[in-house]
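Everything below concerns the one structure shown next.
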Amino acid sequence: MKKCSLLLAILMTLTLLAGCSDGKEASSGGAASSGGDTTSGGTETERVLYDDPEPVNMNGYEFVIGSPWLKNVATNSSTQSEKLFHERKKQVEEAYNCKVKVISIYPDQNYLLKEIAAGNKMADVINMSLDMMIPAAALNQIRPLNEVEGIRLDDARWVEMYNTLGTIDGKTYGVNFTRPPEARACIYYNRDLLKNAGVTEDPQDLALAGEWTFDKFREMCIAATKDTNNDGVTDQYGLLPCNPDAAAFFFTTANNAPLVVKDASGKYVENFNSQAFADALNFYNDLVNTDKVVKIWEEHTAESTYNVDKFQDNLKFFTEGKAAFMTCDSWVGNQHLYKVSDQLNYGILPIPMGPNADRYYGFAKDGNLYAIPVTNNDLDKTVPIFNALARPMEGYEGEDWWLEDMQYEYFREGDTKSTQLYETILDSSVLDIGTGIADMFAGINHVVRCSVLWRYETPNSYLNSSEGNYEIYIDAMFNR
């Protein structure tokens with residue numbers, strides 16, 4: 001989309017929403033708030049599971065969840081969190097005399113602009129990824145939940161880290177209640193392959209000690225990359241990225257280098273032109289093109305064939321023991337790797353800490369949240385049913401019960417280190433405003449492809465030529 005048409009769309013949206021925002025200004029965007037959940041007063045409080053009022057007869061009201069991912073009924077492939085949701089759904093329908101229905105929608109800006117312009121309610125709550133939530137919050141398409149009467153963000157029913165991810169400038173727009181909660185960017189690794197490659201340090205011990213760094217990761221990748229049959233062709237690699245362009249953002253985030261930051265005056269500005277971002281992108285570029293320790297499929301080295309889907313090939317390559325490390329989102333574990341957990345000795349790791357970072361930082365663009373559209377005026381029904389759905393099932397109260405269950409859904413039985421590190425990965429997840437500016441993210445993603453994968457020019461050359469290109473997008477959406 002051209003700059004003028006994007007700005008026009010934004011201005012049209014703001015005009016349309018002026019009549020349905022209860023007189024409040026559209027929220028400005030920003031980095032996730034630091035430190036716990038916020039109530040309407042914005043203060044940090046102890047998290048407890050509050051009692052719900054007695055169920056109210058909703059007289060058959062149809063409560064609708066719009067989601068790209070959640071199914072209306074449980075299936076054989078449903079995860080534990082999905083099965084628990086569907087059990088709770090039945091309880092709520094009976095207690096409140098309502099019908100809970102899940103419909104398939106994809107709530108990106110193409111969908112939201114059209115539906116809100118038409119004044120459509122869409123759903124009681126919409127399930128959206130973090131990169132969908134960011135522009136929806138900035139354009140006042142979804143309600144700040146700390147301004148919705150009856151929703152208490154300090155309630156332990158809401159996953160604490162997702163409250164943080166869903167918070168922009170002190171207003172929380174998205175929450176999640178499903179447990180086990182999904183962590184996002186991570187590394188799965190093959191313990192036996194590393195041992196056979198002569199690696200003596202345990203990367204999980206390093207990670208738990210806060211010593212899992214870019215340098216340690218690189219050393220292990222180099223050690224693991226081999227021509228195992230001496231035919232002159234590398235057939236075992238240090239790193240297998242499930243998505244070779246997304247992996248670049250895993251490393252830039254891990255170096256504490258988001259796409260967008262606030263400057264000293266409180267204005268949101270480009271940050272991909274920072275030294276920390278360039279260093280992390282060059283680190284990934286060196287792994288791919290200098291050290292040659294990264295498995296990049298031939299189709300992904302050419303622009304004309306880049307969009308060929310290699311996910312199943314990646315799974316096969318990793319489970320056959322041909323890569324030491326695989327970057328992906330955590331759901332690959334419980335949906336795929338656990339099926340071979342009796343054969344493959346694997347574990348999980350955070351993305352290693354970059355030299356500009358003081359802790360682990362996790363890329364969370366696809367974090368999964370629930371929001372209330374601004375066109376939903378049935379809050380007297382939405383809020384009690386939403387609260388009830390989010391309340392844990394009996395026997396699953398508390399915030400940590402799922403940690404033990406992780407072993408049986410994601411990892412090998414008894415893999416307590418992976419369980420600990422899964423929680424570390426979850427807690428390291430961060431919001432990057434830049435991932436929600438579609439034109440900007442697509443542009444820098446193209447930089448990754450053109451430089452690292454297709455090798456037209458260097459990463460620095462592309463980053464320098466991109467500087468200043470996206471300030472107009474940031475200003476239009478967040479610096480009003």
Side-chain angles (χ1 to χ4, degrees), residues 31-36 44 159-162 164-165 180-191 194-195 197 199-224 238-239 241 247-258 261 274-277 279-284 286-287 293 324-330 333 346-364 367 399-400 402-404 406-407 410-412 414-432:
S33 63
S34 60
E44 199 173 323
V159 177
E160 187 169 18
M161 176 46 64
Y162 274 90
T164 302
L165 288 173
E182 278 191 355
R184 302 310 308 184
C186 70
I187 293 174
Y188 287 102
Y189 80 107
N190 185 323
R191 294 185 175 101
L194 284 183
K195 182 179 179 181
V199 174
T200 57
E201 290 184 288
D202 182 345
Q204 288 192 320
D205 287 342
L206 292 172
L208 289 167
E211 298 171 359
W212 178 232
T213 64
F214 277 16
D215 287 343
K216 287 292 184 183
F217 176 68
R218 187 176 196 170
E219 288 174 15
M220 293 186 187
C221 283
I222 291 172
L239 174 60
F249 295 99
F250 288 15
F251 289 114
T252 56
T253 301
N255 201 34
N256 191 20
V261 296
S274 67
Q275 190 62 51
F277 192 97
D279 287 347
L281 184 54
N282 279 302
F283 172 76
Y284 181 50
D286 286 344
L287 291 176
V293 298
F325 302 102
M326 179 173 67
T327 52
C328 56
D329 273 1
S330 67
Y346 69 91
I348 198 169
L349 293 160
I351 306 301
M353 194 185 309
N356 191 59
D358 57 356
R359 63 176 181 87
Y360 301 115
Y361 289 89
F363 185 67
E399 299 191 71
D400 299 329
W402 56 271
L403 288 171
E404 183 177 350
M406 291 295 297
Q407 293 179 45
Y410 280 79
F411 311 119
R412 310 184 98 197
D415 190 356
T416 56
K417 286 183 183 178
S418 286
T419 300
Q420 286 178 267
L421 285 169
Y422 187 95
E423 189 172 23
T424 297
I425 295 163
L426 176 67
D427 291 344
S428 74
S429 302
V430 290
L431 171 73
D432 181 356

May I have the step-by-step check of side-chain contact (heavy atoms from CB on, under 4.5 Å) for Phe217 and Leu239, ending in yes or no?
CA-CA 10 Å; Phe217 176 68; Leu239 174 60; 4.1 Å; yes
Looking only at atom types and distance, does a side-chain atom of Tyr360 sit under 3.5 Å from a main-chain N or O of Ala207, one as donor and one as acceptor?
yes
Gap separating the CG atom of Leu349 from the SG atom of Cys186, nearest 0.5 angstrom:
8.5 Å
How far apart are the closest heavy atoms of Pro352 and Ile187, and which atoms are they?
CD-CD1, 3.7 Å
Parallel, tilted or perpendicular for Tyr346 and Tyr188, by the 30°/60° rule?
perpendicular
Heavy atoms only: give me the nearest Leu426-Met161 pair and the separation to one decimal.
O-CG, 3.1 Å
Asn356 and Asp279, any side-chain heavy atoms less than 4.5 Å apart
no
Report the C-alpha separation of Gln420 and Gln204 in whole Å, then their side-chain angles, then the decisive distance to 0.1 Å, and conclude whether the side-chain contact (heavy atoms from CB on, under 4.5 Å) test is met.
CA-CA 10 Å; Gln420 286 178 267; Gln204 288 192 320; over 6 Å; no
Interatomic distance, Leu421 atom CG to Asp427 atom CG [nearest 0.5 angstrom]:
11.5 Å
Under a 3.5 Å distance rule, please check whether Glu182 uses its side chain to pair with a backbone N or O of Gly367 as donor and acceptor.
no
With rounding to the nearest 0.5 Å, note down the distance linking OG1 in Thr213 to CG in Leu206.
8.0 Å
Measure the CD-CG distance between Gln275 and Asn255 for me, rounded to the nearest 0.5 Å.
10.0 Å
Could you grab the distance from atom CG of Asp215 to atom CE of Met220, nearest 0.5 Å is fine?
11.5 Å
Please report the shortest heavy-atom distance between Tyr361 and Thr253, naming the atom on each side.
CB-O, 3.1 Å
Nearest atoms (heavy-atom pairs only) where Pro355 meets Phe214:
CD-CD2, 3.8 Å
Taking the inter-plane angle between the rings of Phe325 and Trp212 on a 0 to 90° scale, is it parallel (under 30°), tilted (30 to 60°) or perpendicular (over 60°)?
tilted
Report the relative orientation of the aromatic rings in Phe251 and Phe283; use parallel for angles under 30°, tilted for 30 to 60°, perpendicular for over 60°.
perpendicular
For Phe363 against Arg184, the heavy-atom pair lying closest together
O-CB, 3.4 Å
Tell me, do Pro203 and Tyr189 make a side-chain contact under 4.5 Å, heavy atoms counted?
yes
dist Thr419:OG1 -> Asp400:CG (nearest 0.5 Å) comes out at 12.0 Å
Any side-chain to backbone donor/acceptor pair from Thr252 onto Leu281? Under 3.5 Å, distance only.
no
So, the side chain of Tyr284 versus the backbone of Phe249: is there a donor-acceptor pair under 3.5 Å, distance only?
no
Sidechain N-carboxylate O distance under 4.0 Å for Asp205, Lys417:
yes
Which atom pair, heavy atoms only, marks the closest approach of Ala324 to Leu194?
CB-CD2, 3.8 Å
Indicate the ring-plane relationship of Phe411 and Tyr422, choosing parallel, tilted or perpendicular according to the 30° and 60° boundaries.
perpendicular
